[in-house]
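Below you'll find the structure, written out as structure tokens, and then a few comments.
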Amino acid sequence: MSILFFLAAGMILGYLLRSKSAVLAVAEKGMMWSVYLLVFFLGTSVGANQAVVRALGSLGIQALILCLGGIAGSVLGSCVISRTFLFESTRHDK
Amino acid sequence: MTNSLIILGCLLAGILGGALSLLPQAFLDLDLTGYALCVLLFLVGIGIGCNGRVWQVLRNQNVRILLVPLSAVLGTLLGVAVVSVCVPGLGLRESLAVGSGLGYYSLASVLIAEIGGKTLGVVALLSNIMREFATLLAAPLLARHFGKLAPIASGGATSMDTTLPIITQCVGMEYAMISVVNGVVLTLLAPVLIVAILR
């Protein structure tokens, strides 16, 4: 949970500095590069492990199944609320 | 789209570098990922805090609109839980964690890699990038057959930025606000859900 402390601290700081547009630009650049770096390192530790490299195909299939399950579930959820909670204009009535 | 391809490129470059041992072992042993992740979360927080739209969404919205992200989260978790039965090698908890990425692949993958293991991190990256691609491709189809909220739900956290153009193209500009609200709420929920599920 402690990792979320950083998220919360950033949000508070960001809120306080929200009038300074340069802050957002710097934060976005930083986010972009730290993600690239972290994903690259995720790759190196995966690449160094022969067993995981051999399993990449099946990891891809696991990912695909979970992706389709998640989309199907969320679309089902959207159908339920557009029917029951009067998002009338959202019905595909044409 | 470009960004997700760059991130896939980073993953591939890393895998190649790791497999061919191109990087000095001492460098890898440093393992700065824990610190880098804290920095990333801090920056993500600043991004959210600075973003006027986020506070606007949380302050003065018609509560009914929040049903859209709520149903997207519950639906995703339900769908993932159902299909996890046919995912060999992954338990319910791991599957739910991957689903909780809600399409926010960059943060989800590195966060899950840190607390749930590298392999699960790779699954989370691939699965959540696929969610963005699938939404970009299937948005018109989803809108036609399952209603105008369907592509928004499918887009998940990306419905506020990368998939927003295709969504508004398919369901009309009047849904742009709902789409942004959905993306904002899911972006806020993804890291919290991941940590809650894996801890």
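Reminder, nothing fancy here: chain letters follow the sequence lines and each chain counts from 1. Values in this document were obtained by computation on a predicted structure and should not be read as measured data.
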### Task
Measure across B:A153 and A:S78 and return the closest heavy-atom pair with its distance rounded to 0.1 Å.
CB-CB, 3.8 Å
### Query
Where does A:E28 contact chain B at under 4.5 Å (heavy atoms): side chain, backbone, both or neither?
neither
## Note on the structure
Max heavy-atom pairs within cutoff under 4.5 Å with chain B, candidates A:S58, A:S34, A:G69, goes to A:G69
### Message
With a 4.5 angstrom heavy-atom cut-off, is it the side chain or the backbone of B:L77 that approaches chain A, or both, or neither?
### Response
neither
## Note on the structure
If you tally heavy-atom pairs under 4.5 Å between each of B:L40, B:L74, B:L126 and chain A, the highest tally belongs to B:L40
### Distance in Å, B:H145 NE2 paired with A:C79 SG, rounded so as to fall on 0.5 Å steps
12.0 Å
### Summary
Heaviest contributor of heavy-atom pairs below 4.5 Å to chain A, chosen from B:L107, B:L20, B:V80, is B:V80
#### Entry: Joint cluster assignment, B:V85 & B:V82, ILVMFWY side-chain distance < 4.5 Å
no
### Query
Is it the side chain or the backbone of B:V98 that comes within 4.5 Å of chain A heavy atoms, both, or neither?
side chain
### Message
Under 4.5 Å from any heavy atom of chain A, what part of B:S95 do you find: side chain, backbone, both or neither?
### Response
both
### Query
What part of B:L142 lies closer than 4.5 angstrom to a heavy atom of chain A: side chain, backbone, both or neither?
side chain
#### Entry: Side chain / backbone / both / neither for B:V122 at chain A, heavy atoms under 4.5 Å
both
### Query
How long is the span from the CG atom in B:L149 to the CZ atom in A:R83, to the nearest 0.5 Å?
10.5 Å
### Summary
B:A72 and A:S74 have their tightest heavy-atom pair at O-CB, 3.6 Å
### Task
Among B:A13, B:C38, B:G14, single out the residue with the greatest number of heavy-atom pairs under 4.5 Å to chain A.
B:G14
### Query
Do B:L188 and A:M11 come within less than 4.5 Å of each other through their side chains, counting heavy atoms only?
yes
### Query
Among A:L42, A:V26, A:V23, which residue forms the greatest number of heavy-atom pairs with chain B at distances under 4.5 Å?
A:L42
### Task
Kindly compute the distance separating CG (B:L12) from CG (A:L56), expressed to the nearest 0.5 Å.
9.0 Å
#### Entry: Separation between CE of A:M31 and CG of B:L41, rounded to the nearest 0.5 Å
10.5 Å
#### Entry: Verdict with reasoning, A:V39 to B:S109, per side chain to side chain contact (heavy atoms under 4.5 Å, CB included)
CA-CA 8 Å; A:V39 170; B:S109 59; 4.3 Å; yes
### Message
With a 4.5 Å cut-off on side-chain heavy-atom distances among I, L, V, M, F, W and Y, is there a chain of contacts connecting B:L78 to B:I194?
### Response
no
### Message
Assigning hydrophobic clusters by single linkage (Ile, Leu, Val, Met, Phe, Trp, Tyr; side-chain heavy-atom cutoff under 4.5 Å), is A:L16 placed with B:V44?
### Response
no
### Query
Would a hydrophobic clustering, with Ile, Leu, Val, Met, Phe, Trp and Tyr connected at side-chain separations under 4.5 Å, put B:L137 with B:Y105?
no
## Note on the structure
Scored by heavy-atom pairs under 4.5 Å with chain B, the best of A:L76, A:V53, A:L7, A:I65 is A:L7
### Message
Using side-chain heavy atoms (C-beta onward) and a distance below 4.5 Å, is B:S71 in contact with A:V80?
### Response
no
### Summary
Value for CD (A:Q62) from CG (B:L120), rounded to nearest 0.5 Å, stands at 8.5 Å
#### Entry: Side chain proximity check, B:T119 to A:N49, heavy atoms < 4.5 angstrom
no
### Task
Would you check if B:I7 and A:Y36 make a side-chain contact, meaning some heavy-atom pair closer than 4.5 Å?
yes
#### Entry: Gap separating the CD1 atom of B:I15 from the CZ atom of A:F40, nearest 0.5 angstrom
10.5 Å
### Message
Given heavy-atom pairs under 4.5 angstrom as the criterion, report whether the side chain, backbone, both or neither of A:A9 touches chain B.
### Response
both
### Message
On a heavy-atom basis, which atom in A:L24 and which in B:C50 lie closest, and how many Å separate them?
### Response
CD1-CB, 3.8 Å
### Message
As an exercise: rank B:G101, B:G156, B:G79 by heavy-atom pairs under 4.5 Å with chain A and give me the winner.
### Response
B:G79
### Query
Is chain B contacted by the side chain of A:L13, its backbone, both, or neither, given a heavy-atom distance below 4.5 Å?
side chain
### Task
Please answer: with hydrophobic residues joined when any side-chain heavy atoms are less than 4.5 Å apart, are B:I197 and B:L92 in the same cluster?
yes
### Message
Using the rule given for side chain to side chain contact (heavy atoms under 4.5 Å, CB included), can you reason through A:F6 versus B:L37, listing the C-alpha separation, both sets of side-chain angles and the distance that settles it, and then say yes or no?
### Response
CA-CA 9 Å; A:F6 291 92; B:L37 185 63; over 6 Å; no
### Query
Between A:L4 and B:V192, what is the shortest heavy-atom contact and its length?
CD1-CA, 4.0 Å
### Task
Find out whether B:L11 and A:V46 are in side-chain contact, i.e. whether some heavy atom of one side chain is under 4.5 Å from a heavy atom of the other.
no
### Message
I'd like to know if the side chain of B:S127 reaches the main chain of A:A63, judged simply by a donor and an acceptor atom lying under 3.5 Å from each other, with no hydrogens or angles considered.
### Response
yes
### Task
Considering non-hydrogen atoms only, spot the tightest contact between A:L38 and B:A36 and give its length.
CD2-CB, 3.8 Å
### Task
Take A:L66 and B:V83 through the side chain to side chain contact (heavy atoms under 4.5 Å, CB included) test and state the conclusion after the steps.
CA-CA 7 Å; A:L66 291 176; B:V83 298; 4.2 Å; yes
### Query
Which heavy atom of A:A27 sits nearest a heavy atom of B:G47, and at what distance?
CB-N, 4.5 Å
